[in-house]
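Every chain is numbered from 1 and lettered A, B, ... according to where its sequence line falls, protein lines coming before strand lines.
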Amino acid sequence: MKIASWNVNSLRVRLPHLLDWLKAAEPDVVGIQETKCVDEQFPFAELEAAGYFAAHNGQKTYNGVALLSRQPLVDVCRDMECFADEQRRVIAATVGGVRVVNVYVVNGQAVGSEKYEYKLRWLAGLRQYLEAELQKYPKLAVTGDYNIAPAPEDTHDPAVWEGGILCSEPERAAFRALLDLGLKDSFRLFDHPPGTFTWWDYRQAGFRRNLGLRIDHVLLSEPLAAACTGVQVHLEPRRLERPSDHAPVVSEFTV
DNA sequence: ATGGTGGCCACGCCA
């Protein structure tokens, strides 16, 4: 079984890339972020033809998250009960006994900004939400664009990034608070080459120069972490013409 | 040099 996370930066633009990648990678479940479309524009038919059930929590222009699955998606939920939010950033569903929560965490723009304060409030809400989900579902996977690089080695140049947005201590503390619930950063269960990232700025030839960050993560509860056999970043879609600025992250399981 | 690239949408916002 494979559970993946991918920020596609507009699903309508990236649908051909997504369909090609689904065929090549054969993930069982995919959390998609930044669909940037309303539910009426979501390509249910194309994804069904590709063999995937889908659930979407969309809005116009910004944000928007979806779950794709080869098996039916059960008990779909589109908000965090404990945190009211007009922005569409969460979707959760149960697939074959595994609860999958897919999140698009607030970017935060700049440390100290209003959006940054919203990001920290949002992450506190996420912690509370996931704490309750873990009570209900021992097998929990949390896919997402977290917009947090957990450690200096998750940046191409700590001198540039440390203390700034995506890398500030309060953001990292909020990420650790999620792990403190009993979740594992699945990527760190395995060894990876230095400079393994999931996002590269479109500007300044960031991908070609590997000026990246690791900000997309699949967190796993203990039972799933114990069954996880590997985590990979798929660079192929990032090499294409008109790519998303993010690459897919795939966690693989024995079951 | 406070730029730069891209998506949305039609100008500025957001990342």
Between C1' on dT5(B) and CD on E241(A), what's the gap in Å once rounded to a whole number?
14 Å

Rounding to the closest angstrom, what is the interatomic distance between dA1(B) and dC14(B) at atom C1'?
23 Å

For K60(A) and dG12(B), what is the distance between atoms NZ and C1' respectively, to the nearest whole Å?
13 Å

So, for F175(A) and H217(A), is the gap between ring centers shorter than 6.0 Å?
yes

Of the options dG4(B), dA15(B), dG7(B), whose atoms approach the side-chain atoms of N107(A) most closely?
dA15(B)

Name the residue closer to the 5' end of DNA chain B, choosing between Q41(A) and K115(A) according to the nucleotide with the nearest heavy atom.
Q41(A)

Minimum side-chain heavy-atom gap E34(A)-S10(A) below 4.5 Å
no

Whichever of N147(A) and T35(A) has the more 5' nearest nucleotide on DNA chain B, that residue is T35(A)

Under a 3.5 Å cut-off for both distances, is dA10(B) Watson-Crick or wobble paired, and to whom?
none

According to a strict under-4.0 Å criterion, is S10(A) in side-chain N/O contact with OP1 or OP2 of dC8(B)?
yes

Here the distance between atom C1' of dG7(B) and atom CG of N63(A), to the nearest Å, is 13 Å

Applying the 3.5 Å cut-off to both distances, the Watson-Crick or G-U partner of dT5(B) turns out to be dA15(B)

How close or far is atom P of dG7(B) from atom CZ of R12(A), stated in whole angstroms?
12 Å

Euclidean distance, atom CD of residue Q87(A) to atom P of dC14(B) [Å, nearest integer]:
9 Å

Would you say F197(A) and W200(A) make side-chain contact, with heavy atoms under 4.5 Å?
yes

Take atom P in dG12(B) and the same atom in dG4(B), then report the distance between them in whole Å.
16 Å

Of the candidate nucleotides dT5(B), dC14(B), dC8(B), which contains the atom at the shortest distance from the side chain of Y62(A)?
dC14(B)

Establish, with yes or no, whether the OP1 or OP2 oxygen of dT5(B) is under 4.0 angstrom from a side-chain nitrogen or oxygen of R242(A).
no

Value in whole Å for how far the C1' atom of dG7(B) lies from CG of L11(A):
13 Å

Is there side-chain contact between F187(A) and V218(A), with heavy atoms separated by less than 4.5 Å?
no

Nearest whole Å is fine: how far is dG4(B) C1' from F207(A) CZ?
19 Å

Please report the shortest heavy-atom distance between D39(A) and G58(A), naming the atom on each side.
OD1-N, 3.1 Å

Starting from P on dG4(B), measure out to CZ on R203(A) and report it in whole angstrom.
9 Å

